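Since this is a predicted model, take the numbers as computed values, not measurements. In what follows, chains are A, B, ... by sequence order, proteins preceding strands, each numbered from 1.
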Amino acid sequence: MVSRTTDDYKAMALAGCAAICEPAFWAGFDRKSADGFYDYFCQLTQHEPARAQKNGIPHYSWLCINPKESEDMGLAREVMALIPEFLNAPNVLGIGEIGLNKNTKNELKILEAHIDLAVKHNQLILVHTPHLEDKRKGTRLILDALKNNPKIEPHRVIIDHVEEHTFREVIDQGFWAGITLYPESKASPQRAIDMVETISAQRVWLNSACDWGHSDPLSVPKTALEMKRRGHSVQAIDNLIFGNPIQFLSQSKKFIRPEVI
Amino acid sequence: MSSPTRKEVADLHFMDARAKLLDLAAFLDRVDRSSGSDDHRIRGLRLALKVLNEGNKNRVAEILNQWSDPTAEPLDKSDTKAATGVWPQL
(Lines give C-alpha, C1' and ligand atoms only; values in the text may rest on other atoms or scores of the structure.)
Protein backbone atom coordinates (compact mmCIF):
# COMPACT_ATOMS: atom_id res chain seq x y z
CA MET A 1 0.00 0.00 0.00
CA VAL A 2 1.93 2.95 -1.31
CA SER A 3 0.28 5.37 1.11
CA ARG A 4 0.74 3.29 4.27
CA THR A 5 3.59 2.28 6.52
CA THR A 6 5.00 -1.19 7.06
CA ASP A 7 3.38 -1.10 10.50
CA ASP A 8 -0.01 -1.07 8.77
CA TYR A 9 0.85 -4.25 6.88
CA LYS A 10 1.80 -5.82 10.19
CA ALA A 11 -1.39 -4.65 11.91
CA MET A 12 -3.48 -6.05 9.06
CA ALA A 13 -1.65 -9.38 9.22
CA LEU A 14 -2.27 -9.56 12.98
CA ALA A 15 -5.96 -8.76 12.43
CA GLY A 16 -6.29 -11.73 10.06
CA CYS A 17 -6.11 -9.99 6.69
CA ALA A 18 -5.72 -12.80 4.13
CA ALA A 19 -4.97 -10.74 1.01
CA ILE A 20 -4.66 -7.13 -0.10
CA CYS A 21 -6.10 -5.60 -3.27
CA GLU A 22 -4.53 -2.25 -4.11
CA PRO A 23 -5.93 -0.25 -7.01
CA ALA A 24 -4.00 2.40 -8.89
CA PHE A 25 -5.22 5.70 -7.49
CA TRP A 26 -4.39 9.35 -6.94
CA ALA A 27 -1.06 10.02 -5.26
CA GLY A 28 -2.32 13.06 -3.38
CA PHE A 29 -0.86 15.25 -6.12
CA ASP A 30 -0.99 15.26 -9.91
CA ARG A 31 1.87 13.47 -11.62
CA LYS A 32 3.46 15.45 -14.43
CA SER A 33 4.43 12.73 -16.87
CA ALA A 34 3.78 9.18 -17.99
CA ASP A 35 7.21 8.27 -16.60
CA GLY A 36 5.87 8.93 -13.11
CA PHE A 37 3.12 6.41 -13.75
CA TYR A 38 5.57 3.88 -15.13
CA ASP A 39 7.43 3.98 -11.82
CA TYR A 40 4.13 3.80 -9.96
CA PHE A 41 3.08 0.68 -11.87
CA CYS A 42 6.46 -0.89 -11.00
CA GLN A 43 5.77 -0.04 -7.38
CA LEU A 44 2.34 -1.70 -7.53
CA THR A 45 3.54 -4.83 -9.30
CA GLN A 46 6.96 -5.38 -7.73
CA HIS A 47 7.73 -3.41 -4.59
CA GLU A 48 4.41 -3.48 -2.74
CA PRO A 49 3.96 -7.25 -3.19
CA ALA A 50 7.40 -7.68 -1.65
CA ARG A 51 6.54 -5.40 1.31
CA ALA A 52 3.29 -7.25 1.89
CA GLN A 53 4.97 -10.64 1.65
CA LYS A 54 7.27 -9.71 4.54
CA ASN A 55 4.14 -9.97 6.68
CA GLY A 56 2.83 -13.02 4.88
CA ILE A 57 0.05 -11.23 3.02
CA PRO A 58 -0.50 -11.86 -0.70
CA HIS A 59 -0.75 -8.53 -2.56
CA TYR A 60 -2.81 -7.94 -5.71
CA SER A 61 -3.17 -4.77 -7.74
CA TRP A 62 -5.28 -3.06 -10.40
CA LEU A 63 -3.93 -0.66 -13.01
CA CYS A 64 -5.22 2.51 -14.66
CA ILE A 65 -4.91 6.25 -14.62
CA ASN A 66 -7.33 7.30 -11.92
CA PRO A 67 -10.16 9.72 -12.74
CA LYS A 68 -8.65 12.58 -10.73
CA GLU A 69 -5.79 12.72 -13.22
CA SER A 70 -7.70 11.87 -16.38
CA GLU A 71 -8.86 15.39 -17.19
CA ASP A 72 -5.64 15.82 -19.17
CA MET A 73 -6.55 13.42 -21.95
CA GLY A 74 -3.12 13.55 -23.61
CA LEU A 75 -1.42 12.37 -20.43
CA ALA A 76 -4.18 9.86 -19.78
CA ARG A 77 -3.74 8.21 -23.17
CA GLU A 78 0.05 8.08 -22.72
CA VAL A 79 -0.40 6.36 -19.37
CA MET A 80 -2.97 3.94 -20.73
CA ALA A 81 -0.51 2.93 -23.44
CA LEU A 82 1.82 1.69 -20.67
CA ILE A 83 -0.72 -0.59 -19.03
CA PRO A 84 -0.63 -3.64 -21.38
CA GLU A 85 3.06 -4.13 -20.55
CA PHE A 86 2.10 -4.67 -16.89
CA LEU A 87 -1.05 -6.76 -17.33
CA ASN A 88 0.92 -10.00 -17.30
CA ALA A 89 2.44 -9.27 -13.90
CA PRO A 90 1.40 -12.10 -11.57
CA ASN A 91 -0.39 -9.83 -9.09
CA VAL A 92 -2.45 -7.74 -11.54
CA LEU A 93 -6.12 -8.72 -11.41
CA GLY A 94 -7.60 -6.11 -13.71
CA ILE A 95 -8.22 -2.50 -14.63
CA GLY A 96 -8.99 -0.08 -11.80
CA GLU A 97 -9.86 1.98 -10.07
CA ILE A 98 -11.34 3.66 -13.09
CA GLY A 99 -14.43 5.83 -12.99
CA LEU A 100 -15.29 9.48 -12.54
CA ASN A 101 -14.31 12.23 -10.13
CA LYS A 102 -16.13 15.45 -11.07
CA ASN A 103 -18.24 13.86 -13.82
CA THR A 104 -16.65 15.76 -16.70
CA LYS A 105 -16.75 14.91 -20.39
CA ASN A 106 -13.01 14.21 -20.48
CA GLU A 107 -13.20 11.90 -17.48
CA LEU A 108 -16.02 10.05 -19.19
CA LYS A 109 -14.04 9.60 -22.41
CA ILE A 110 -11.10 8.15 -20.49
CA LEU A 111 -13.44 5.90 -18.54
CA GLU A 112 -14.82 4.54 -21.82
CA ALA A 113 -11.28 3.99 -23.11
CA HIS A 114 -10.42 2.04 -19.95
CA ILE A 115 -13.53 -0.10 -20.37
CA ASP A 116 -12.43 -0.87 -23.93
CA LEU A 117 -8.94 -1.73 -22.67
CA ALA A 118 -10.36 -4.12 -20.07
CA VAL A 119 -12.57 -5.81 -22.65
CA LYS A 120 -9.71 -6.13 -25.13
CA HIS A 121 -7.51 -7.84 -22.53
CA ASN A 122 -10.33 -9.77 -20.80
CA GLN A 123 -9.69 -8.09 -17.45
CA LEU A 124 -11.86 -7.70 -14.38
CA ILE A 125 -12.87 -4.09 -13.69
CA LEU A 126 -12.82 -2.14 -10.42
CA VAL A 127 -14.73 1.14 -10.57
CA HIS A 128 -14.35 4.21 -8.35
CA THR A 129 -17.53 6.23 -7.96
CA PRO A 130 -17.25 9.95 -7.23
CA HIS A 131 -17.26 11.49 -3.80
CA LEU A 132 -20.09 13.02 -1.83
CA GLU A 133 -22.53 15.18 -3.81
CA ASP A 134 -21.10 13.91 -7.12
CA LYS A 135 -21.66 10.21 -6.34
CA ARG A 136 -25.24 9.62 -7.47
CA LYS A 137 -24.86 11.38 -10.82
CA GLY A 138 -21.44 9.81 -11.41
CA THR A 139 -22.66 6.33 -10.56
CA ARG A 140 -25.44 6.65 -13.11
CA LEU A 141 -23.05 7.93 -15.80
CA ILE A 142 -20.70 5.04 -15.05
CA LEU A 143 -23.46 2.43 -15.19
CA ASP A 144 -24.57 3.86 -18.54
CA ALA A 145 -21.00 3.76 -19.89
CA LEU A 146 -20.62 0.13 -18.85
CA LYS A 147 -23.99 -0.88 -20.29
CA ASN A 148 -23.16 0.89 -23.56
CA ASN A 149 -20.34 -1.58 -24.12
CA PRO A 150 -22.04 -4.82 -25.24
CA LYS A 151 -19.02 -6.92 -24.28
CA ILE A 152 -19.16 -6.00 -20.62
CA GLU A 153 -20.30 -8.78 -18.30
CA PRO A 154 -21.66 -7.11 -15.15
CA HIS A 155 -20.63 -9.97 -12.86
CA ARG A 156 -16.99 -9.20 -13.77
CA VAL A 157 -17.27 -5.56 -12.68
CA ILE A 158 -17.32 -4.20 -9.14
CA ILE A 159 -18.65 -0.69 -8.54
CA ASP A 160 -16.92 0.59 -5.44
CA HIS A 161 -17.81 3.15 -2.76
CA VAL A 162 -21.57 2.59 -2.95
CA GLU A 163 -23.70 4.21 -0.29
CA GLU A 164 -27.35 4.02 0.67
CA HIS A 165 -28.51 6.03 -2.35
CA THR A 166 -26.53 4.08 -4.99
CA PHE A 167 -26.18 0.50 -3.71
CA ARG A 168 -29.52 -0.84 -4.95
CA GLU A 169 -29.10 0.62 -8.44
CA VAL A 170 -25.73 -1.14 -8.82
CA ILE A 171 -26.94 -4.51 -7.55
CA ASP A 172 -30.17 -4.42 -9.55
CA GLN A 173 -28.19 -4.09 -12.77
CA GLY A 174 -26.17 -7.23 -12.09
CA PHE A 175 -22.90 -5.62 -11.00
CA TRP A 176 -20.96 -6.28 -7.83
CA ALA A 177 -20.91 -3.49 -5.25
CA GLY A 178 -18.13 -2.41 -2.92
CA ILE A 179 -18.79 -0.65 0.37
CA THR A 180 -15.74 1.36 1.32
CA LEU A 181 -15.20 1.99 5.01
CA TYR A 182 -13.93 5.45 5.90
CA PRO A 183 -13.99 7.26 9.23
CA GLU A 184 -15.70 10.30 7.70
CA SER A 185 -16.38 10.48 4.00
CA LYS A 186 -17.95 7.14 3.06
CA ALA A 187 -19.52 4.33 5.11
CA SER A 188 -18.99 3.57 8.79
CA PRO A 189 -19.04 -0.07 9.99
CA GLN A 190 -22.55 0.51 11.38
CA ARG A 191 -23.91 1.96 8.13
CA ALA A 192 -22.20 -0.75 6.08
CA ILE A 193 -23.93 -3.51 8.04
CA ASP A 194 -27.24 -1.64 7.92
CA MET A 195 -26.93 -1.68 4.11
CA VAL A 196 -26.03 -5.36 4.04
CA GLU A 197 -29.00 -6.16 6.29
CA THR A 198 -31.52 -4.09 4.35
CA ILE A 199 -30.33 -4.15 0.72
CA SER A 200 -28.10 -7.12 -0.10
CA ALA A 201 -25.54 -9.49 1.37
CA GLN A 202 -24.92 -10.98 -2.07
CA ARG A 203 -22.57 -9.57 -4.72
CA VAL A 204 -21.09 -7.09 -2.25
CA TRP A 205 -17.72 -6.75 -0.58
CA LEU A 206 -16.38 -4.49 2.12
CA ASN A 207 -13.05 -2.74 1.84
CA SER A 208 -10.88 -0.67 4.14
CA ALA A 209 -9.70 2.52 2.53
CA CYS A 210 -5.93 2.63 2.97
CA ASP A 211 -5.61 6.14 1.72
CA TRP A 212 -3.42 9.19 2.20
CA GLY A 213 -6.25 10.83 4.05
CA HIS A 214 -8.00 9.95 7.27
CA SER A 215 -8.56 6.19 6.88
CA ASP A 216 -8.28 2.96 8.82
CA PRO A 217 -6.69 -0.21 7.40
CA LEU A 218 -8.42 -2.25 10.11
CA SER A 219 -11.94 -1.13 9.33
CA VAL A 220 -12.93 -4.47 7.77
CA PRO A 221 -12.21 -6.49 10.94
CA LYS A 222 -13.92 -3.74 12.94
CA THR A 223 -16.97 -4.19 10.74
CA ALA A 224 -16.83 -7.94 11.30
CA LEU A 225 -16.92 -7.14 15.02
CA GLU A 226 -19.96 -4.93 14.47
CA MET A 227 -21.71 -7.89 12.82
CA LYS A 228 -20.78 -10.12 15.72
CA ARG A 229 -22.11 -7.58 18.25
CA ARG A 230 -25.43 -7.58 16.39
CA GLY A 231 -25.69 -11.34 16.59
CA HIS A 232 -24.84 -12.37 13.04
CA SER A 233 -23.57 -15.93 12.74
CA VAL A 234 -19.94 -16.74 12.16
CA GLN A 235 -20.98 -18.16 8.79
CA ALA A 236 -22.73 -14.93 7.75
CA ILE A 237 -19.70 -12.88 8.78
CA ASP A 238 -17.34 -15.19 6.94
CA ASN A 239 -19.50 -15.11 3.81
CA LEU A 240 -19.48 -11.31 3.68
CA ILE A 241 -15.92 -10.58 4.75
CA PHE A 242 -14.14 -13.49 3.11
CA GLY A 243 -16.43 -15.53 0.87
CA ASN A 244 -17.76 -12.71 -1.27
CA PRO A 245 -14.40 -11.19 -2.23
CA ILE A 246 -13.04 -14.68 -2.91
CA GLN A 247 -16.00 -15.30 -5.22
CA PHE A 248 -15.45 -12.10 -7.19
CA LEU A 249 -11.66 -12.23 -7.34
CA SER A 250 -11.57 -15.90 -8.31
CA GLN A 251 -12.86 -14.84 -11.70
CA SER A 252 -9.22 -13.94 -12.36
CA LYS A 253 -7.04 -17.01 -12.89
CA LYS A 254 -4.21 -15.18 -11.16
CA PHE A 255 -6.04 -14.95 -7.87
CA ILE A 256 -5.08 -17.75 -5.49
CA ARG A 257 -7.50 -18.50 -2.68
CA PRO A 258 -5.53 -17.56 0.45
CA GLU A 259 -5.03 -19.93 3.32
CA VAL A 260 -6.36 -18.53 6.59
CA ILE A 261 -4.82 -19.23 9.97
CA MET B 1 -31.08 -13.84 12.49
CA SER B 2 -34.22 -12.48 14.17
CA SER B 3 -34.97 -8.78 14.14
CA PRO B 4 -33.68 -7.05 17.31
CA THR B 5 -35.93 -5.21 19.74
CA ARG B 6 -35.72 -1.44 20.14
CA LYS B 7 -34.15 -1.95 23.55
CA GLU B 8 -31.47 -4.16 22.04
CA VAL B 9 -30.69 -1.58 19.37
CA ALA B 10 -30.56 1.16 22.00
CA ASP B 11 -28.36 -0.96 24.27
CA LEU B 12 -25.93 -1.41 21.42
CA HIS B 13 -25.90 1.99 19.71
CA PHE B 14 -27.61 4.66 21.81
CA MET B 15 -24.49 6.08 23.48
CA ASP B 16 -22.74 6.39 20.13
CA ALA B 17 -25.76 8.16 18.59
CA ARG B 18 -26.10 10.38 21.67
CA ALA B 19 -22.49 11.49 21.41
CA LYS B 20 -22.83 12.22 17.68
CA LEU B 21 -26.02 14.23 18.21
CA LEU B 22 -24.38 16.33 20.91
CA ASP B 23 -21.39 16.91 18.62
CA LEU B 24 -23.79 18.09 15.91
CA ALA B 25 -25.54 20.41 18.35
CA ALA B 26 -22.19 21.82 19.43
CA PHE B 27 -21.22 22.31 15.78
CA LEU B 28 -24.40 24.28 15.06
CA ASP B 29 -23.83 26.41 18.19
CA ARG B 30 -20.31 27.10 16.94
CA VAL B 31 -21.68 28.07 13.54
CA ASP B 32 -24.19 30.44 15.16
CA ARG B 33 -21.41 32.10 17.14
CA SER B 34 -19.40 32.69 13.98
CA SER B 35 -19.63 35.54 11.48
CA GLY B 36 -19.64 35.76 7.70
CA SER B 37 -21.99 34.80 4.92
CA ASP B 38 -24.11 31.70 4.49
CA ASP B 39 -22.40 28.42 3.57
CA HIS B 40 -24.10 25.86 1.31
CA ARG B 41 -22.83 22.95 3.41
CA ILE B 42 -24.45 24.27 6.56
CA ARG B 43 -27.60 25.07 4.62
CA GLY B 44 -27.63 21.44 3.46
CA LEU B 45 -27.11 20.20 6.99
CA ARG B 46 -30.03 22.23 8.32
CA LEU B 47 -32.28 20.92 5.52
CA ALA B 48 -31.27 17.36 6.37
CA LEU B 49 -32.21 17.80 10.02
CA LYS B 50 -35.84 17.98 8.98
CA VAL B 51 -35.57 14.47 7.53
CA LEU B 52 -34.53 12.97 10.86
CA ASN B 53 -37.92 13.31 12.54
CA GLU B 54 -40.17 12.58 9.58
CA GLY B 55 -40.48 8.83 10.16
CA ASN B 56 -39.07 7.79 6.79
CA LYS B 57 -37.19 4.51 7.19
CA ASN B 58 -34.61 5.42 4.54
CA ARG B 59 -33.30 8.60 6.15
CA VAL B 60 -29.68 8.15 5.06
CA ALA B 61 -30.58 7.65 1.41
CA GLU B 62 -33.00 10.56 1.54
CA ILE B 63 -30.39 12.90 2.97
CA LEU B 64 -27.72 11.74 0.52
CA ASN B 65 -30.16 12.27 -2.35
CA GLN B 66 -31.01 15.73 -1.02
CA TRP B 67 -27.32 16.69 -1.02
CA SER B 68 -26.62 15.19 -4.48
CA ASP B 69 -26.07 16.99 -7.75
CA PRO B 70 -29.47 16.50 -9.45
CA THR B 71 -28.22 17.11 -13.00
CA ALA B 72 -27.61 14.29 -15.47
CA GLU B 73 -25.25 15.62 -18.14
CA PRO B 74 -21.46 15.45 -17.77
CA LEU B 75 -19.74 18.79 -17.14
CA ASP B 76 -17.68 20.45 -19.86
CA LYS B 77 -14.98 21.07 -17.28
CA SER B 78 -14.62 21.27 -13.52
CA ASP B 79 -12.93 24.09 -11.62
CA THR B 80 -11.99 21.81 -8.78
CA LYS B 81 -11.04 18.21 -8.03
CA ALA B 82 -12.75 18.11 -4.67
CA ALA B 83 -16.35 17.60 -3.64
CA THR B 84 -17.69 19.57 -0.68
CA GLY B 85 -20.34 17.24 0.70
CA VAL B 86 -23.41 19.18 -0.41
CA TRP B 87 -24.30 20.28 -3.94
CA PRO B 88 -23.32 23.97 -3.94
CA GLN B 89 -26.50 25.08 -5.76
CA LEU B 90 -28.79 23.47 -3.20
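- Of the atoms belonging to Glu107(A), not a single heavy atom falls under 4.5 Å from chain B.
- Between the CG atom of Asn103(A) and the CD atom of Glu73(B) there is a distance of 11.5 Å, given to the nearest 0.5 Å.
- Neither the backbone nor the side chain of Lys135(A) comes within contact range of chain B; no heavy atoms are under 4.5 Å apart.
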Stepwise side chain to side chain contact (heavy atoms under 4.5 Å, CB included) test for Thr71(B) and Lys137(A): CA-CA 7 Å; Thr71(B) 65; Lys137(A) 173 181 176 178; 2.9 Å; yes

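- At least one donor-acceptor pair under 3.5 Å links the side chain of Asn101(A) to the backbone N or O of Lys81(B).
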Working for side chain to side chain contact (heavy atoms under 4.5 Å, CB included), residues Asn65(B) and His165(A): CA-CA 6 Å; Asn65(B) 279 323; His165(A) 59 327; 3.5 Å; yes

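- Looking at Asp30(A), the atoms closer than 4.5 Å to chain B (heavy atoms on both sides) all sit in the side chain, from C-beta outward.
- Annotation for Lys228(A): atom NZ does not count as buried by contact number, only 12 or fewer foreign heavy atoms lying within 6.0 Å.
- By a heavy-atom distance cut of under 4.5 Å, Leu12(B), His13(B), Asp16(B) are the residues of residues 12-30 of chain B near chain A, going up by number.
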Pair Glu164(A)-Arg59(B), side chain to side chain contact (heavy atoms under 4.5 Å, CB included): steps then yes or no: CA-CA 9 Å; Glu164(A) 289 83 347; Arg59(B) 294 177 178 89; over 6 Å; no

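- Nearest approach of Gly85(B) to Leu132(A), heavy atoms of both residues: N-CD1, 3.5 Å.
- Nearest heavy atoms, Pro74(B) versus Leu141(A): CD-CD2, 4.1 Å.
- When heavy atoms are compared at a cutoff of 4.5 Å, Glu226(A) approaches chain B solely by way of its side chain, counted from C-beta outward.
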Steps toward side chain to side chain contact (heavy atoms under 4.5 Å, CB included) verdict (Arg136(A), Leu64(B)): CA-CA 9 Å; Arg136(A) 187 183 65 179; Leu64(B) 288 170; over 6 Å; no

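- Note that CG of Leu100(A) and CG of Leu75(B) are 10.0 Å apart. Values are rounded to the nearest 0.5 Å.
- With a 4.5 angstrom heavy-atom cutoff, Arg229(A) touches chain B via backbone and side-chain atoms both.
- With hydrogens and angles ignored, the 3.5 Å screen pairs no side-chain donor or acceptor of Glu133(A) with any backbone N or O of Asp69(B).
- Here the closest non-hydrogen pair linking Asp134(A) and Ala83(B) is OD2-CB, 3.6 Å.
- When heavy atoms are compared at a cutoff of 4.5 Å, Arg168(A) does not approach chain B at all.
- Residue contact with chain A, scored on non-hydrogen atoms closer than 4.5 Å, involves the backbone and the side chain of Thr80(B) alike.
- Separation of atoms CG (Asp76(B)) and CG (Asn106(A)) is listed at 9.5 Å; rounding is to 0.5 Å.
- Shown here is Tyr38(A), whose OH atom has no more than 12 heavy atoms of other residues, nucleotides or ligands within 6.0 Å.
- The structure places NZ of Lys105(A) at 13.5 Å from OG of Ser78(B), a figure rounded to the nearest 0.5 Å.
- Atom CG of Asn53(B) has 12 or fewer heavy atoms from other residues, nucleotides or ligands within 6.0 Å.
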